[in-house]
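See structure below.
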Amino acid sequence: MLDKARGLPADQVFMDIEDAVAPLAKPEARVNIVAALNEGGYEGKVRTVRVNDWTTQWTYADVVAIMEGAGHNLDCIMLPKVQTADQVVALDLLMTQIEKSMGLPVGRIGIEAQIENAMGLINVDAIAAASPRVETIIFGPADFMASINMKSLVVGENPPGYDTGDAYHYILMRILMAARAYDLHAIDGPYLQIKDVDGYRRVAGRSAALGFDGKWVLHPGQVDAANEVYSPRQEDYDHAELILDSYEFFTSAAGGAKGAVMLGDEMIDEASRKMALVIAAKGRAAGMVRNEQFTPPQV
Ligand code: GLV
Ligand code: MG
């Protein structure tokens with residue numbers, strides 16, 4: 001798996017020492033991860049390691065082993081089951097001390113905070129603001145469902161009996177608001193039915209529609225679906241670029257210095273430009289190419 005991840009078109013790779021690793025195998029997982037990071041081949045991807053959460057006996061040794069062993073080849077530490085801002089501060093302090101003792105640049109390695117229980121969610125604003133290292137807030141649906149006693153075993157799908165709306169809407173929105181307020185990434189968690197790519201698309205589509213930046217993949221078969229769902233549709237990307245070009249032209253002296261103009265049947269103004277910027281930025285980041293160019297009209 002560590003090797004296969006090198007060749008996949010994913011934006012990030014995260015290596016786990018937490019719930020996908022049995023307690024007896026954790027020391028060996030640390031060693032394997034350090035070796036894989038130092039061997040390299042993950043260039044162009046955010047290189048992240050998920051350590052165990054602070055309620056266990058493993059967190060400090062995970063962080064020390066990974067950062068002392070491969071601190072130069074690591075971009076982020078993922079902290080699961082975060083419940084309070086203090087837990088982020090504790091990780092930040094430990095990371096800073098290791099960076100100083102190892103001669104690593106202080107503050108370069110980021111923190112990804114996974115929200116996986118009710119306490120984490122009610123504290124998510126403070127968690128997002130707890131350290132300048134925090135880059136990402138992640139929804140951990142499996143642990144979260146267990147934490148709130150949700151009556152289902154199928155991660156991310158609406159529980160049987162909930163036949164109205166989306167049972168995850170509040171949680172996703174709560175996380176998204178904290179992420180946007182503090183300018184962080186909002187990332188959706190895993191979909192465990194790895195052979196059901198349509199199911200992946202359906203669940204991913206909900207968080208993507210709200211504004212999430214991406215979702216975990218557990219298997220190579222989910223990567224294309226993720227890249228597609230979190231990228232704009234081609235027609236929306238083209239339209240966003242058209243709005244940006246048109247608005248730039250019409251607000252200029254040559255275009256008449258207008259703040260609100262008609263683009264086809266639609267009125268566009270400064271708020272339209274801001275919306276278009278979001279879609280265009282996502283499309284450009286995904287390497288999309290626009291289909292049509294803007295030709296300034298004769299005014
Ligand atoms: C991921 O860690 C989850 O609990 O969903
Ligand atoms: Mg979890």
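Order of listing sets the numbers, starting from 1, for every ligand and every atom in it.
- Regarding atom 3 (C) of ligand 1, its nearest protein heavy-atom neighbour is E116 OE1, 3.4 Å.
- Here M78 contributes atom CE and I17 contributes atom CD1; the two are 11.5 Å apart, rounded to the nearest 0.5 Å.
- Each of the atoms 3 (C), 4 (O), 5 (O) of ligand 1 lies under 4.0 Å from some heavy atom of A142.
- Under the 6.0 Å distance and 45° angle rule, K151 does not count as a cation-pi partner of Y162.
- No more than 12 heavy atoms of other residues, nucleotides or ligands sit less than 6.0 Å from atom CG of L153.
- By the 4.5 Å heavy-atom criterion applied to side chains, R50 and Q114 are counted as neighbours.
- Ligand 1 lies less than 4.0 angstrom from a heavy atom belonging to R50.
- For the Mg ion (ligand 2), the N/O/S atoms of E116 include one lying under 2.8 Å.
- Below 30°, between 30° and 60°, or above 60°: for F139 and F144 the angle between ring planes is above 60°, a perpendicular geometry.
- For a threshold of 3.5 Å applied to N or O pairs, the pair formed by W216 and ligand 1 contains no separation below that value.
- For residues 85-100, the side chain to side chain donor-acceptor pair (under 3.5 Å) pairs, not counting sequence neighbours, are D92-T96, D92-S131, D92-R133, T96-R133, E99-R133.
- On a distance-only criterion, E18 and ligand 1 share no N/O pair closer than 3.5 Å.
- One finds the CG atom of N117 at 8.5 Å from the NZ atom of K81 (value rounded to the nearest 0.5 Å).
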### Message
Under the criterion salt bridge (charged side-chain N to carboxylate O under 4.0 Å, His left out), I'd like the reasoning laid out for D236 against K282: C-alpha separation, chi angles, the key distance, then a yes or no.
### Response
CA-CA 11 Å; D236 292 340; K282 286 196 181 191; over 6 Å; no
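- Counting backbone and side-chain atoms alike, E18 contributes no N/O/S atom closer than 2.8 Å to the Mg ion (ligand 2).
- Where the criterion is an N or O separation shorter than 3.5 Å, residue side chain and backbone included, P190 fails it with respect to ligand 1.
- Protein heavy atom in closest approach to atom 2 (O) of ligand 1: Q114 NE2, 2.8 Å.
- Within the structure, ligand 1 has P141 among the residues with a heavy atom less than 4.0 angstrom away.
- The N, O or S atom of D143 lying closest to the Mg ion (ligand 2) is OD2.
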